[in-house]
2 protein chains.
Amino acid sequence: MLSKKTRYAIKALVIMGKNFGNEPMQISRIAAEEHIPKKFLEQILSDLRNAGLLYSKKGAGGGYKLIKDPKEIFLVQVLRITGGPIALLPCVSLNFYQRCEECIDEGTCGVRDVFVDVRNASLKILAETSIADVMERENRLKNNFIEVV
Amino acid sequence: MLSKKTRYAIKALVIMGKNFGNEPMQISRIAAEEHIPKKFLEQILSDLRNAGLLYSKKGAGGGYKLIKDPKEIFLVQVLRITGGPIALLPCVSLNFYQRCEECIDEGTCGVRDVFVDVRNASLKILAETSIADVMERENRLKNNFIEVV
DNA sequence: TATAATGTATATAGATTTAGTAGTCTTTGA
DNA sequence: TCAAAGACTACTAAATCTATATACATTATA
């Protein structure tokens, strides 16, 4: 399960994606719109900034905005920055690998072998899906809703 | 990430799978072979038993064994018994659903939409893979190793 | 240049979950 | 009757996650 930190990070990036090309957005505005605790969001945006995804401007009229086009920011990057695990087993994680202490021989572990496949399936989607794709899905869902009603 | 409980559960089922058709295995033996803390394993096997996967026998000469053929026990069942989440977001989980508190409209959430796909991809593998498949993968890995050496 | 708005950094507290342990009871077979 | 084994309940320790608090730095603008 993703941490709230990761979830909030993605949501914040999506909302900044909608604002791409415009002036920076203030933390408090993002926090209010997405119902995210402001102080917590501060930390998260700071991490995303240190990772090179965001530009920030201090002082009055300051805020955050995306450095890159939302088409070029992929979910897998976000998960890695915020430490959200993709793999379901530590011994299968590419970026947060840890040996399973109890394991006798990782190389011949059938359980691990299955969860490598699971990771690859998840990873494929997360590596192909950008912030812009998320925005597009949202639009599609909204339009479908109107059609149905 | 799966809990150790879930990991231990799968490993215990695999080792009992190898023993399928024979006399019950004692907790202490499984614990020793798989390097799992005995008392913790006790709880886990008890859960698997209550869920109908294991037969148990008390007293001298007692122990645990599979009720069903390992071909008929699928990983998804084990995860659900031990509470291991498959979905990466609570609002996407089929069996452990919880609303994301901050979410304004689940129905048009683009993030959720992506993670439904991720869940489906993982679920497909876990619902198709049985304990017997895990055993088979293990054998295949061992044989490949011999060939390579 | 004073002030208010804003981000930065660090520390810490509280809640929750996970992992593991202890102890006692019950059942079974020899 | 005794020892071996599982069943059940409660507890604790550790880790992690979420959130808040505090103090500080920077910037726009009046």
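Throughout, protein chains are lettered first and strands after them, A, B, ... in sequence-line order, and every chain is numbered starting at 1.
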Taking all non-hydrogen atoms of both residues, which atom of B:D69 and which atom of B:F20 are closest, and how far apart? CA-CZ, 3.5 Å
What is the separation between atom CG on A:N50 and atom P on C:dT10, rounded to the nearest whole Å? 10 Å
Opening and closing nucleotides of DNA chain D in contact with chain B, under 4.0 Å to non-hydrogen atoms: D:dA4 to D:dA10
When all nucleic acid strands are considered with a 4.0 Å heavy-atom cut-off, which category describes A:I27: base, sugar-phosphate, or nothing? sugar-phosphate
Check: B:L54 and B:K65 side chains under 4.5 Å, non-hydrogen atoms: no
In whole angstrom, what separates B:K38's NZ from C:dA19's C1'? 17 Å
Check the interface with nucleotides 13-18 of chain C: list each N/O to N/O pair with the protein under 3.5 Å, or write none.
none

At less than 4.0 Å, is any side-chain N or O atom of A:S46 found next to OP1 or OP2 of C:dA9? Yes or no. yes
Would you say the rings of B:Y8 and B:F40 are close, in the sense that their centroids are separated by under 6.0 Å? yes
A:E42 atom CD is separated from C:dA5 atom P, nearest whole Å, by 15 Å
Return the minimal non-hydrogen interatomic distance between A:D133 and A:E128, and the atom names on each side. OD2-O, 3.4 Å
Separation of atom NZ in A:K39 from atom P in C:dG7, rounded to whole Å: 10 Å
Is B:Y64 close to B:N19 at the side-chain level, that is, under 4.5 Å between some pair of heavy atoms? no
Taking OP1 and OP2 of C:dA19, is either one under 4.0 Å from a side-chain nitrogen or oxygen of B:Y8? no
Less than 4.0 angstrom between a side-chain N/O of B:K57 and OP1 or OP2 of C:dG29, yes or no? yes
To the closest 0.5 Å, what do you measure between CD (A:E34) and CD1 (B:I104)? 5.0 Å
Whole-Å distance, B:L41 CG to C:dA19 C1', equals 13 Å
Could you check how far CD of A:E23 sits from P of C:dT6, rounded to whole Å? 13 Å
Return the 5'-most residue of the pair B:L45, A:A60 with respect to DNA chain D, ranking by each residue's nearest nucleotide. B:L45
What's the separation between atom OG1 in B:T6 and atom CE in B:M1, rounded to the nearest 0.5 Å? 12.5 Å
Using heavy atoms to find the nearest nucleotide of DNA chain D for B:Y64 and B:Q43 separately, return the residue whose nucleotide is more 5′. B:Y64
Between B:E102 and A:H35, which heavy-atom pair has the shortest distance, and what is it? CB-O, 3.3 Å
Heavy-atom closest pair, residues B:I81 and B:L48: CG2-CD2, 4.0 Å
Could you tell me how far apart A:I44 (CD1) and C:dT10 (P) are, to the nearest whole angstrom? 17 Å
In whole angstrom, what separates A:I30's CD1 from C:dT6's C1'? 13 Å
